[in-house]
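The block underneath contains the structure these notes are about, expressed in structure tokens.
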Amino acid sequence: MQRAGKWRTPRRPKKPSNIEKDPVGVYCRIRPLGGEDEECCVEMISSSTIQLHAPDGLKANRNGEYKETQYCFKKVFGIKTTQIELFEDVAKPLIEDLIHCKNGLLFTYGVTGSGKTYTMTGSPGEGGLLPRSLDMLFNSIGSFQAKRFVFKPDEKNGIEVQSYVDSLLERQKRDSQLSVPKTPSSRQRADPEFADMINPDQACKFEGVDEDCCYSVFVSYIEIYNNYIYDLLEDAPFDPIRPKPPQSKILREDQNHNMYVAGCTEVEVKSTEEAFEVFWKGQKKRRIANTELNRESSRSHSVFTVKLAQAPLDADGDHVLQDKSQVNVSQLCLVDLAGSERTNRTRAEGSRLREAGNINQSLMTLRTCMEVLRENQMWGTNRMVPYRDSKVTHLFKNYFDGEGKVRMVVCVNPKAEDYEETLLVMRFAEMTQEVEVARPVDRPICGLTPGRRQRNQAFKDELSRRLEERGGPVNGDPVQLNQLIESLPPLPPCELSDPSDDQTLPRLMEVLERRYRIRQKMAEQFNQTANSMKSTFQQFESQFSSKENVLHDQQSKLGEKDKVIANQRTEIERLEKKSKTLEYKIDILQKTTEMYEQDKRSLQQELESREQRLQKELAERRRMEQRMQGMVTDTKLKWERECERRVNAKQLELQNKLWVKDEKLKQLKAIVTENGGASGGPAEPPRKPERPSRERDRNVAQKRSASPTPLSTVPPVHPMHRRSHSAGGEKWVDHKPASNLDLDTVMQPIIPNAIKVSTPNEKALSKCHKYVLRHQELASDGELETKLIKGNVFKTRGGGQAVEFTDIETLKQEDPTAPSRKRRSGSREGPTQTDDIENRPPVANVSASHGNQKRRRP
Ligand code: ADP
Ligand code: MG
């Protein structure tokens with residue numbers, strides 16, 4: 001939005017990507033054919049599509065290679081479309097935009113005779129887009145228009161607000177210059193050419209006008225001919241003798257980079273009729289110039305610009321706000337382009353050809369500009385658009401570069417001769433539809449309270465009503481004054497013809513006195529009224545001042561409130577900032593807490609798992625302890641038993657040894673006694689000592705302990721004699737001390753499967769069940785006595801072997817080492833004396849020869 005009477009179209013360079021764009025609105029209007037019998041080559045096939053057929057002649061010429069082609073538009077208007085229908089669709093939104101401070105560009109394009117001028121201007125009773133646009137504009141802003149000269153063009157394409165006095169002075173100046181008092185012109189009084197352009201019941205009005213704004217309309221009208229710009233509203237003094245060719249204008253760029261025609265006349269108009277008048281004035285000038293300079297009107301572009309200035313009313317709602325920055329200017333350009341036909345068709349020559357070339361040049365430039373724009377928009381390229389190549393494009397560059405609504409009405413004459421030109425027109429139209437223009441943005445609101453105008457009007461109405469009530473003059477009406485004068489007594493004829501006339505003067509004096517009295521009365525009345533007025537005014541003034549005071553108070557309060565609000569706002573901002581930082585801190589703390597909690601959880605888990613492990617280990621240890629204790633007690637018990645058993649075994653062994661020794665002693669004793677008995681009497685058989693037995697021991701042991709019999713209680717000695725077993729499978733340890741003499745006698749024992757050892761060892765014992773010791777000694781008779789001491793081998797609990805002696809066999813023979821005996825033993829046939837003493841332990845009641853061969857004495 002641009003202010004201070006500047007054009008709103010924004011400058012070109014900044015193009016934010018988020019800008020909303022609309023394509024150029026392209027409409028198509030088909031005019032009716034000139035004659036009934038003419039060939040028609042354009043057909044409207046839908047509300048948005050037309051179809052072109054090649055005319056018959058052309059088809060024949062080109063061997064039918066021309067086909068039917070279809071073209072789409074935003075909307076197609078057929079031959080029966082009325083001007084109002086077209087206006088409603090095409091121009092009405094542009095007028096609404098104009099009132100909303102948005103710019104618009106509307107142009108007609110087509111071949112000469114296709115109805116461009118008809119569409120734009122129209123004819124009496126059939127007003128075109130231009131008169132209808134003006135009509136709608138004035139119908140909408142009518143009563144909200146500012147007084148003349150309140151807005152004033154600044155010659156630099158802007159419009160500014162004039163002070164109240166300046167505008168009043170200018171108005172008075174204008175009124176004095178005009179011979180005819182300026183009253184609203186009626187359509188009847190206007191030029192018949194533009195009278196009744198619009199049927200009154202077709203009047204359009206836009207209801208969304210901001211009533212708290214003041215509006216002013218300025219129009220300008222230019223013609224671009226041969227790439228020169230002419231001002232059609234310029235008041236150049238006309239010299240009928242030497243008519244001067246019109247001066248062309250130049251294009252300028254204002255401070256907002258908007259293009260404008262420098263020095264172009266801008267006329268402030270207050271009504272549709274006035275605007276028409278200006279338009280027709282320009283038209284007339286154009287026509288005159290064309291005839292005088294032999295120009296073809298179809299070769300010029302005409303641009304009628306409607307500029308709308310608007311500014312908000314002040315707070316009182318009485319005058320326009322004297323603030324330059326609050327003035328908004330929007331404009332609508334209505335362009336009737338020159339015919340788009342090619343040069344050769346116009347059959348122009350010389351300067352005419354040049355003109356046509358220029359027309360085409362400018363239309364060509366328009367075409368090129370559209371192409372480049374479309375290309376840039378479609379492909380994101382940045383090719384320079386050649387606006388400057390022609391005045392038309394240069395003037396409208398801001399519409400395509402900046403923002404605004406662009407609409408084009410393509411006019412088509414369906415006649416056959418125009419076919420080829422029409423094809424070109426269609427192609428251009430099709431391409432133009434793809435060009436996009438930035439959508440204008442809404443203007444911001446001025447900030448004053450709405451409804452100002454209505455309040456002001458209501459106040460004025462109330463004031464006049466009250467004045468009327470008090471009998472005061474509503475206004476200084478001269479008719480009333482005349483009536484007042486007429487109500488005075490009429491003056492008598494006061495011509496004195498006779499010096500002695502003494503009646504006329506006294507009558508006159510009387511009347512004058514009466515008049516004087518009436519006048520005095522009236523003066524008194526006037527004074528009274530004036531006084532009452534004064535008092536009323538004073539009342540009003542006091543009321544006003546009190547109101548003002550109140551207002552002042554309110555304003556000061558408002559100011560205070562504003563300050564408070566501002567303070568609170570800053571406080572709020574501060575608090576918001578604080579809360580933000582606190583939130584941030586809370587966030588951080590929460591995160592930290594979460595982290596700690598996670599840590600805690602994991603540590604707890606670890607603790608639990610460790611506790612579990614500990615418990616397990618403790619249980620394991622307890623179990624182990626119990627087991628160990630059990631084992632210890634077991635082992636203790638075992639060893640106790642083992643020890644006991646060993647002690648028993650040892651005891652037994654020792655007893656056995658003792659017994660053996662006893663036996664030997666007895667035998668010796670017996671031998672001694674035998675020898676003695678031979679000389680004395682028979683001796684008593686020696687009492688056999690009781691052999692130690694395990695049975696007894698066991699009984700003793702059993703008496704000692706009540707515990708169950710352990711394994712070791714198996715009796716180390718079998719109650720049965722071992723020799724009763726089959727001897728074939730038993731293994732013997734044959735213990736033959738190295739000191740033993742070898743006796744080459746057949747009486748010596750032969751033990752098969754015997755392991756012969758000179759000293760008994762554990763290994764040998766472990767392999768055998770039986771043990772025999774060959775014990776040699778010299779008997780008292782000098783013979784060599786060999787004793788075979790036999791026993792059973794037992795495995796002890798401790799893993800060792802024990803021998804339980806069970807049997808002794810004694811062999812006697814001559815000592816081979818003794819000389820006498822040597823001789824005896826040398827005789828093999830001689831009887832060998834062998835003493836065989838049956839000496840068996842009580843347990844060994846069977847004397848079986850189990851493999852032992854022995855010779856007994858007979
Ligand atoms: P251009 O301006 O394109 O050269 P004009 O507007 O001057 O063409 O139209 C040529 C003639 O055709 C005029 O007499 C006009 O009245 C008539 N005409 C054009 N369009 C229409 C229409 N839609 N309905 C009736 N008459 C039309
Ligand atoms: Mg025309």
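Order of listing sets the numbers, starting from 1, for every ligand and every atom in it. Worth saying up front: this structure is predicted, and the values here are computed from it rather than measured. Atoms considered below: every heavy atom in the structure, side chains included; atoms not considered: hydrogens, waters and symmetry mates.
The Lys116 neighbourhood of ligand 1 comprises atoms 1 (P), 2 (O), 3 (O), 4 (O), 6 (O), 8 (O), with distances under 4.0 Å to a heavy atom of that residue. Atoms of ligand 1 lying under 4.0 Å from any heavy atom of Gly115, numbered from 1 in the order shown and given with element: 1 (P), 3 (O), 5 (P), 6 (O), 8 (O), 9 (O), 19 (C), 20 (N).
Taking the six-membered ring for Trp and thresholds of 30 and 60 degrees, Tyr215 and Phe144 have ring planes inclined between 30 and 60 degrees apart.
Asp231 and Thr265 share a side-chain donor-acceptor pair at under 3.5 Å. Between the side chains of Thr368 and Thr365, no donor-acceptor pair is found at a separation under 3.5 Å.
Heavy atoms of Val111 found under 4.0 angstrom from ligand 1 belong exclusively to the backbone.
When only interatomic distances are considered, the shortest N/O to N/O separation between Thr117 and ligand 1 falls below 3.5 Å. Remark: ligand 1 and Asp336 share no N or O pair separated by less than 3.5 Å (distance only, no angle test). The shortest N or O to N or O distance between Thr112 and ligand 1 is not below 3.5 Å. Residue contacts with ligand 1: Gly113 is placed with a nitrogen or oxygen under 3.5 Å of a nitrogen or oxygen of the ligand (distance criterion only).
Looking from atom 17 (C) of ligand 1 to the surrounding protein, the closest heavy atom is Arg31 NH1, 4.0 Å. Given atom 23 (N) of ligand 1, the protein heavy atom at minimum distance is Tyr118 CE2, 3.4 Å.
Using a 4.0 angstrom heavy-atom cutoff, Gly110 does not count as in contact with ligand 1. Remark: distances from the non-hydrogen atoms of Ser123 to ligand 1 are all 4.0 Å or more.
Among residues two or more places apart in sequence or in another chain, the ring-ring contact (aromatic ring centres under 6.0 Å, His included) test is passed with Tyr109 by Phe428.
Distance screen at 4.0 Å: atom 14 (O) of ligand 1 has no protein heavy-atom neighbour inside the cut-off. Under the 4.0 angstrom criterion, atom 21 (C) of ligand 1 counts as having a protein heavy-atom contact.
Within the 4.5 Å cutoff, the side chain of Ser340 has heavy atoms near those of the Val111 side chain.
For the Mg ion (ligand 2), the nearby protein N/O/S atoms, meaning those under 2.8 Å, are Thr117 OG1.
For the side-chain contact (heavy atoms from CB on, under 4.5 Å) with Phe73, the lone residue among Glu430, Met426, Arg29 that qualifies is Met426.
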